[in-house]
Amino acid sequence: MSSTIVISIMSEGMPVDKMEETEEGMACPLPTQDPEANMENLDMAEYEHNYTEAHLTDQCCGTCSMYNQTEEMLGCIGDDTGEVGYCQSLKFMCSKEKVCDIWAEGGPITSDSQEEYKDIL
């Protein structure tokens, strides 16, 4: 009897949710269209990553490299106030004023075309 061991090396980071053109228009990430899916991911962000109100910090969601506020994503979210974006990592719509434990320097994502942005965060 022989055994086989398979080792898979995964890249660090997470793919950026890309907007894809469909016959009906642009395909938005599920959490931007399904309140239940968004709430489930939001609950997970609060519980596992301390997504909460910011307290005297500039490391808020609005400055995070995973905070997506591209024109396409804002169209999916349906909020034109500029106060809400999409967290590419935790897959939910979040407030630019809040914080969490996985904040990363270099954001937000604002490129008109996500193809111009990095594919892996």
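Scope of the values below: all heavy atoms of this structure, side chains included, with no hydrogens, waters or symmetry mates. In this text the structure is predicted, and so the values were computed from the model without any measurement.
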>> Has Tyr86 got a side-chain atom pairing as donor or acceptor with Cys94's backbone, closer than 3.5 angstrom?
In response: no
> Rounded to the nearest 0.5 Å, what separation is found between the CG atom of Leu30 and the NZ atom of Lys91?
Replying inline: 11.5 Å
> Is the backbone of Cys61 close enough, under 3.5 Å, to the side chain of Trp103 for a donor and an acceptor to pair up by distance?
Replying inline: no
> CG of Leu74 to CG of Asp79: how many Å apart, nearest 0.5 Å?
Replying inline: 7.5 Å
> Going through the distances and angles, do Glu53 and Glu97 end up as a side chain to side chain contact (heavy atoms under 4.5 Å, CB included)?
Replying inline: CA-CA 7 Å; Glu53 297 296 323; Glu97 300 298 325; 5.7 Å; no
>> Does Asn41 form a side chain to side chain contact (heavy atoms under 4.5 Å, CB included) with Leu90? I'd like the steps, not just the answer.
In response: CA-CA 7 Å; Asn41 292 348; Leu90 301 177; 5.9 Å; no
> Which heavy atom in Val99 sits nearest to a heavy atom in Ala54, and how many Å separate them?
Replying inline: CG1-CB, 3.6 Å
> Okay, side chain of Asn68, backbone of Met73: is any donor-acceptor separation there less than 3.5 Å?
Replying inline: no
> Can you tell me how far CG of Asp101 sits from CG of Asn50, rounded to the nearest 0.5 angstrom?
Replying inline: 4.0 Å
> Nearest heavy-atom pair of Ile102 and Met66: which atoms, and what distance?
Replying inline: O-CE, 2.8 Å
>> Keeping Gln69 on the side-chain end and Val84 on the backbone end, is there a donor-acceptor pair under 3.5 Å?
In response: yes
>> Please evaluate residues Ser95 and Glu83 with respect to the criterion side chain to side chain contact (heavy atoms under 4.5 Å, CB included), reporting the C-alpha separation (whole Å), side-chain torsions for both, the decisive distance (0.1 Å), and the verdict.
In response: CA-CA 6 Å; Ser95 166; Glu83 299 297 315; 5.5 Å; no
> Mind checking whether Thr32 and Met93 have side chains closer than 4.5 Å, heavy atoms only?
Replying inline: yes
>> Using ring centroids (six-membered ring only for Trp), state whether Phe92 and Tyr51 fall under 6.0 Å.
In response: yes
